[in-house]
Amino acid sequence: MSTADTRWWRHAAIYQIYPRSFADSDGDGVGDLAGVRGHLGYLRDLGIDAIWFSPWYPSPMADAGYDVADYRDIDPVFGTLDEAQALIDEAHAAGIRIIIDIVPNHASVEHAWFRAAVSTGEFRDRFHFRSGRGEAPPNDWESIFGGPAWTRVADGEWYLHLFDAGQPDLNWDHPAVREEFDDILRFWFDRGVDGIRIDSAAMVAKDPALPDFDPAAPPEPHPWNDRDELHELYRRWRRIADAYPQPKALIGEVWLADPLRFARYLRHDELHAAFNFDFLGCPWEAKALRRCIDETMAAHATVGAPATWVLSNHDVTRHVTRYGRAETGFEHALRQTRHRMPADLALGTRRARAAALLTFALPGSVYVYQGEELGLPEAEDLPPEARQDPIHKRTGGIDPGRDGCRVPLPWSGTEPPYGFGGPGWLPQPADWAARTVAAQTGDPSSMLHLYRGTLALRRSLPGLGDGPMEWLDSPDGVLAFRRDGGFVCVVNLSPEPVGLPAGVPLAASGPLADGMLPPDTAVWLTQE
Ligand code: GLC
């Protein structure tokens, strides 16, 4: 971790830890900070630059920690504030930066403000409390997790929650809310945290009239999405971050369909980067990927911001499974129809290997979601009673929810819990023995070996990470591009083998036969 690297987010490889499922040190079946501390060597050897932690705060876990009861502490199931400090310091010593999740759109029903709001009425104006329309909620908004976006308290008023009823939305028009979060940012930055991932970053501001949803209005801006007030908020946070001598990154979870509206959040004095969901959801098709890459690069160029490249996270179907289906794209709305659609995991794995080479070669920063380096598929066979995601509950089980990508990691051994710790909070599949870290270590054909090798190359090759790219002529169904320093990446998404350009192979996602690149295979080459 070089202190001279003042713009590290422009090129970093960032590993997402979902703390409940990474490693459990005390045998209670839930991952914890001591489990992470015990595996920092693994992360260093994987070759990542930073860790992004999904929320680690005290929480009743209505949404697995995205319902925060206290933004300045650690949930006892994960550890203590002192352990978080030790983890930050040890990660730094291992050359790894720390990004934490900040959840500004909503708190928890257990947050002190909300408890007071319900019991005494104090602080109601820090949330969105309203009278109903007769017996009906104040407006027609629906929760993103299903069902109405309003819940009624005992005295008859309703509060707004865009997600679960356990996640009351905060009112960002209230100065106390803004001041509170300024202080929370400083609290963690003072402890050495190197950046924040801002949850639901485009939804935080609401139209104060809270009007009914107008289906005829353009999708963005929206009464609760992409409102102009947000830009002032992120400029303010940027000033807080920039006041530190060490570089602190602001990274937003910005779900917007329009790439130019998305880029507005990345102006020079706002967020440094935002997640590229267009790429994540893109089908495994050359034309679609090329369009997505071109639009991403063009939109980011308008503001001089670095692109991000993401294949999976804790909210989406794991890409080994997606890429093994007839329909390879991802959309939340389609999860319920695609769930259990037949998936050829050998094909999905081949494509996931090629996708890693594509992703790591593109200009900007990359994200690795825990377990993707092991090639984990979605755990689709979780019994309904084991599922914990509020999406599953709020849709009456119609949508399976996101538990299938959150199953505890397999570290070693031949049966569950595969060295995770105690029997996991979600059951692990019986057939993951070959997918453990121990089973893959030292196996040159493993996903782990591919990730370690290509992340190391990505670090060492000066043309990778931030910088320009240039498309090369290629046959239909093939993506080929050049980066500085004579680096070339070729990905064959066509059904036929294609010839390789001149150059010395540096890495390949699968065997190259007779100078040809087989289908669903990618190669990195260096040319003189
Ligand atoms: C984000 C998180 C997701 C969470 C939601 C509400 O989309 O990634 O896991 O459920 O926000 O906080």
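What you are looking at is a predicted structure, and each value in this text was computed from that prediction instead of being measured. Numbering of residues begins at 1 and proceeds along the displayed sequence. Remember, it's 1-based here, ligands and their atoms both numbered in the order they're listed.
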Validation: residues 21-28 side-chain donor-acceptor distances under 3.5 Å, sequence neighbours left out:
unit_1 : atom_1 : unit_2 : atom_2 : d
Ser21  : OG     : Arg406 : O      : 2.5
Ser21  : OG     : Trp425 : NE1    : 3.0
Asp24  : OD1    : Asp26  : N      : 3.2
Asp24  : OD1    : Gly27  : N      : 3.0
Asp24  : OD1    : Asp28  : N      : 3.4
Asp24  : OD2    : Gly27  : N      : 3.4
Asp24  : OD2    : Asp28  : N      : 3.2
Asp24  : OD2    : Gly29  : N      : 2.7
Asp24  : OD2    : Gly422 : N      : 2.7
Ser25  : OG     : Asp32  : OD1    : 3.1
Ser25  : OG     : Asp32  : OD2    : 3.3
Asp26  : OD1    : Asp28  : N      : 3.3
Asp28  : OD1    : Val30  : N      : 2.9

State whether Phe129 and Arg124 meet the cation-pi test: NZ (Lys) or CZ (Arg) under 6.0 Å from the six-membered ring centroid, and within 45° of the perpendicular axis.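 Checked: cation-pi criterion met.
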
Is the positively charged end of Arg130 above the ring of Trp158, judged by distance under 6.0 angstrom from the centroid and angle within 45° of the axis? no

My understanding is that only residues two or more places apart in sequence, or in another chain, count here; which of them pass side chain to side chain donor-acceptor pair (under 3.5 Å) with His128?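 Partners of His128 under the side chain to side chain donor-acceptor pair (under 3.5 Å) test: none.
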
Using the test side chain to side chain donor-acceptor pair (under 3.5 Å), find all partners of Glu229 that sit at least two apart in sequence or belong to another chain. none

The answer, listing residues by chain and number that come under 4.0 Å of ligand 1 through any heavy atom, is Asp63, Tyr66, His106, Phe145, Phe163, Gln167, Arg197, Asp199, Ser200, Glu253, His314, Asp315, Arg402, Arg406

Distance-only side-chain donor-acceptor flag, His314 / Tyr66, under 3.5 Å: yes

